[in-house]
Amino acid sequence: MSSQPDHSLLIRSPIDGSELGRVPITPLASLPGVIERSERAFESWREVPAPRRGELVRLFGEELRATKDSLAALVTQEAGKVTSEGQGEVQEMIDICDFAVGLSRQLYGLTIVSERPGHRMMETWQPLGPCLVISAFNFPVAVWAWNAALALVCGNSVIWKPSEKTPLTALATQQIFERAVARFGAQAPEGLMQCVIGGAVHGERLVDSPKIPLVSATGSTRMGGVVAPRVAARFGRCILELGGNNAMIVAPSADLDMATRAIVFSAVGTAGQRCTTLRRLIVHRSIRNALLERLKKAYGSLRIGDPRQSGTLVGPLIDQTAGERMQHALAVARAEGGVVHGGQWRRAGVPEGGCYVEPALVEMPAQSAIVREETFAPILYVLEYDTLDEAIALQNAVSQGLSSCIFTLDLREAERFLAASGSDCGIANVNIGPSGAEIGGAFGGEKATGGGRESGSDSWKGYMRRQTATVNYSAALPLAQGVSFDL
């Protein structure tokens with residue numbers, strides 16, 4: 001069990017290392033009180049009709065619209081995202097609020113035919129309880145919003161433990177939420193949304209609490225390997241969004257102009273620090289050289305630097321450690337027979353104090369150990385294939401199973417990729433990259449990605465408990481399965 005003294009976090013911008021502020025760490029001794037307030041808030045909030053709960057989320061969406069530019073600027077400042085990506089992240093928050101408002105009138109159950117005369121069966125979804133959301137630095141507010149908006153309309157309270165690298169955006173979002181609460185009125189109980197600032201020990205204390213029935217955690221596969229057994233040991237529930245080692249297959253019929261654009265955005269957007277970042281490019285042997293030349297030219301034109309400046313496409317890595325891990329991975333790739341293009345530290349023309357790198361293209365002779373490992377940086381490994389079966393096998397031969405895609409104009413290839421024997425990932429796209437998921441679909445992956453689903457579709461069911469009820473409106477008491485038990 002790790003330990004951490006109670007003090008303040010010094011927050012520096014990855015752009016230039018400048019101090020953004022100091023944030024008080026939540027005292028460990030106060031965590032039982034946080035959990036107790038969340039319990040009390042849940043007991044009150046679950047009695048509020050779901051459409052009324054949706055009204056609070058609607059107001060929160062309005063407040064986000066009013067503060068979009070300032071919150072997005074803070075995302076850029078604290079996480080290092082380019083301006084358009086910071087804006088897009090806040091827009092994602094607004095979008096999930098809109099989705100959740102509609103959902104608040106659609107928390108449907110089922111009516112089920114009973115085999116017993118004079119009986120009716122029904123399935124109802126009930127609020128679950130306090131929900132813990134552990135978010136990562138790379139999407140400091142959007143992924144939290146995926147969880148929080150749904151949890152709230154489902155009747156739950158929320159405790160947020162943001163990354164210790166990006167607490168300012170969390171605290172700003174909490175203030176925006178409180179404005180919505182003030183407009184909503186007294187039906188929103190105190191403690192409905194709470195933010196806990198701290199490190200691993202804070203997460204451990206919250207994860208271990210039997211009073212928190214759901215833990216939604218975003219982060220590394222290593223982190224998920226710690227969280228999941230602890231929650232399971234107390235029979236809690238997890239929504240895990242963990243590592244991704246995402247691949248694109250480029251078939252001979254592919255539109256190479258479209259593929260090139262999709263590859264570059266997916267591989268270098270957010271400086272390669274998305275869970276859906278493209279990390280493996282599996283190209284048919286017949287078009288490999290042509291596509292590589294396009295990519296080298298595109299990579300050579302990338303503007304790397306201050307993410308606040310117009311035209312910048314690649315901002316900084318989150319910290320020096322991330323840059324060192326990238327350099328280590330490239331050294332290993334070279335030792336395993338890889339030919340590296342780019343990947344150097346960028347010192348000139350970028351703000352001093354930040355960690356800037358040139359995105360790397362790495363031609364690999366095979367899918368070696370380093371290729372199968374996720375490195376959270378802009379490294380794209382290039383492999384080649386002869387048959388589609390070979391390409392799909394390469395794609396699936398990693399421990400992660402988040403996002404995948406194929407570029408092809410061949411209908412048979414597209415459908416084969418989407419079939420049960422095709423991609424084994426939670427997300428499978430045709431003629432678009434693996435990045436940039438919309439909130440309408442369930443987001444998440446299989447295998448070491450954790451199996452969790454957030455955002456759209458029926459992901460809301462993860463925040464509720466299913467209850468099957470049978471009503472006997474007859475004057476008899478028949479038993480199911482023809483059982484006789486006469487007294």
Side-chain angles (χ1 to χ4, degrees), residues 11 13-16 20 64-65 67-97 135-146 162-163 165-170 172-173 176 218-219 241 244 246 261-279 298-299 301-319 322-323 326 346 350-351 354-359 376-380 402-403 405 427 429 432-439 443 454-455:
I11 310 304
S13 173
I15 298 174
D16 55 10
L20 297 178
L64 287 170
R65 284 180 170 87
T67 54
K68 178 179 177 179
D69 289 345
S70 56
L71 182 57
L74 184 57
V75 169
T76 292
Q77 191 75 21
E78 190 175 40
K81 290 190 172 187
V82 300
T83 298
S84 66
E85 289 194 77
Q87 292 272 338
E89 178 153 359
V90 181
Q91 185 60 49
E92 202 161 358
M93 301 173 76
I94 294 167
D95 292 345
I96 195 64
C97 285
S135 59
F137 77 86
N138 60 329
F139 277 86
V141 286
V143 174
W144 165 83
W146 291 356
S163 167
K165 296 178 182 180
T166 52
L168 293 176
T169 45
T173 301
I176 295 168
T218 301
E241 299 290 354
N246 315 294
R261 291 175 58 198
I263 290 164
V264 175
F265 169 71
S266 300
V268 310
T270 324
Q273 298 172 116
R274 289 183 178 220
C275 53
T276 54
T277 290
L278 178 62
R279 308 203 182 279
Y299 270 50
S301 69
L302 290 171
R303 182 170 175 180
I304 304 167
D306 190 329
R308 297 165 297 189
Q309 293 183 353
S310 175
T312 298
L313 295 176
V314 183
L317 292 173
I318 189 65
D319 54 28
M326 177 178 176
R346 174 62 69 90
V350 298
C355 180
Y356 294 84
V357 294
E358 295 182 5
F376 223 55
I379 301 175
L380 179 60
L402 178 53
S403 191
C405 59
I427 299 170
N429 297 331
I432 61 171
S435 254
E438 298 180 35
I439 60 94
F443 181 92
E454 296 171 329
S455 190

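What you see is a predicted model, and the numbers here were worked out from it, not measured in a lab.
- Across all their heavy atoms, Gly323 and Cys355 have their closest contact at CA-SG, 3.8 Å.
- Listed by chain and residue number, nothing satisfies the ring-ring contact (aromatic ring centres under 6.0 Å, His included) test with Tyr356 (two or more places apart in sequence, or in another chain).
- For the pair Trp146 and Glu241, the minimum side-chain heavy-atom distance is 4.5 Å or more.
- Qualifying side-chain hydrogen bond (donor to acceptor under 3.5 Å, both in side chains) partners for Ser163, counting only residues two or more places apart in sequence or in other chains: none.
- Summarising the geometry of Cys97 relative to Leu64, their closest heavy-atom pair is SG-CD1, 4.1 Å, with the distance given to 0.1 Å.
- Atom-to-atom distance recorded for Thr76:OG1 and Arg308:CZ is 9.0 Å, nearest 0.5 angstrom.
- Using a 4.5 Å cut-off on side-chain heavy atoms (C-beta onward), Leu380 and Arg279 make no contact.
- Under the side-chain hydrogen bond (donor to acceptor under 3.5 Å, both in side chains) criterion, Thr218 pairs with no residue, sequence neighbours left out.
- Distance check, rounded to the nearest 0.5 Å: CD of Gln87 to NZ of Lys68 gives 5.0 Å.
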Show every donor-acceptor pair shorter than 3.5 Å between a side-chain atom in residues 309-317 and any protein atom, with sequence neighbours excluded, or say none if there are none.
from: Gln309; atom 1: OE1; to: Arg303; atom 2: NH2; distance (Å): 3.2
from: Thr312; atom 1: OG1; to: Asp306; atom 2: O; distance (Å): 2.9
from: Thr312; atom 1: OG1; to: Gln309; atom 2: O; distance (Å): 3.3

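- In this structure, Trp144 has no side-chain hydrogen bond (donor to acceptor under 3.5 Å, both in side chains) partners at least two apart in sequence or on a different chain.
- Here the side chain of Asn138 pairs no donor or acceptor atom with the backbone of Gly219 at under 3.5 angstrom.
- Annotation for Pro359 and Leu302: closest pair CG-CD1, 3.9 Å, computed over non-hydrogen atoms.
- Here the shortest heavy-atom pairing between Leu71 and Ala172 reads CD1-CB, 4.2 Å.
- Distance check, rounded to the nearest 0.5 Å: OG of Ser435 to CG of Asn429 gives 9.5 Å.
- Not counting sequence neighbours, the partners of Glu358 by the side-chain contact (heavy atoms from CB on, under 4.5 Å) test are Ile304, Gln344, Arg346.
- From Glu92, atom CD reaches atom CG of Asp95 across 7.5 Å, with rounding to the nearest 0.5 Å.
- Of all the heavy atoms in Pro378 and Val357, the pair that sits closest is CG-CG2, 3.9 Å.
- Listed by chain and residue number, Leu74, Val75, Glu78, Pro140, Val141, Thr166 satisfy the side-chain contact (heavy atoms from CB on, under 4.5 Å) test with Thr169 (two or more places apart in sequence, or in another chain).
- Judged by distance alone, the side chain of Asn246 and the main-chain N or O of Thr277 form a donor-acceptor pair under 3.5 Å.
- A 4.5 Å side-chain heavy-atom check between Phe137 and Gln273 finds at least one atom pair inside the cut-off.
- Scored by the side-chain hydrogen bond (donor to acceptor under 3.5 Å, both in side chains) test, Thr83 finds no partners at all (sequence neighbours excluded).
- A distance of 9.0 Å separates OG of Ser403 from CG of Leu278, quoted to the nearest 0.5 Å.
- Taking the side-chain contact (heavy atoms from CB on, under 4.5 Å) definition, one finds that Asp319 meets it with Lys165, Thr321, Ala322, sequence neighbours left out.
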For residues 261-272, which side-chain N or O atoms pair as donor and acceptor with protein atoms under 3.5 Å away, sequence neighbours left out?
from: Ser266; atom 1: OG; to: Ala262; atom 2: O; distance (Å): 2.8
from: Thr270; atom 1: OG1; to: Glu85; atom 2: OE1; distance (Å): 2.4
from: Thr270; atom 1: OG1; to: Arg274; atom 2: NE; distance (Å): 2.9

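- Taking CG of Leu168 as the start and CD1 of Ile11 as the end, the distance is 5.5 Å to the nearest 0.5 Å.
- Nearest heavy-atom pair, Ala142 versus Glu89, reported as atom, atom and distance to 0.1 Å: N-OE2, 3.0 Å.
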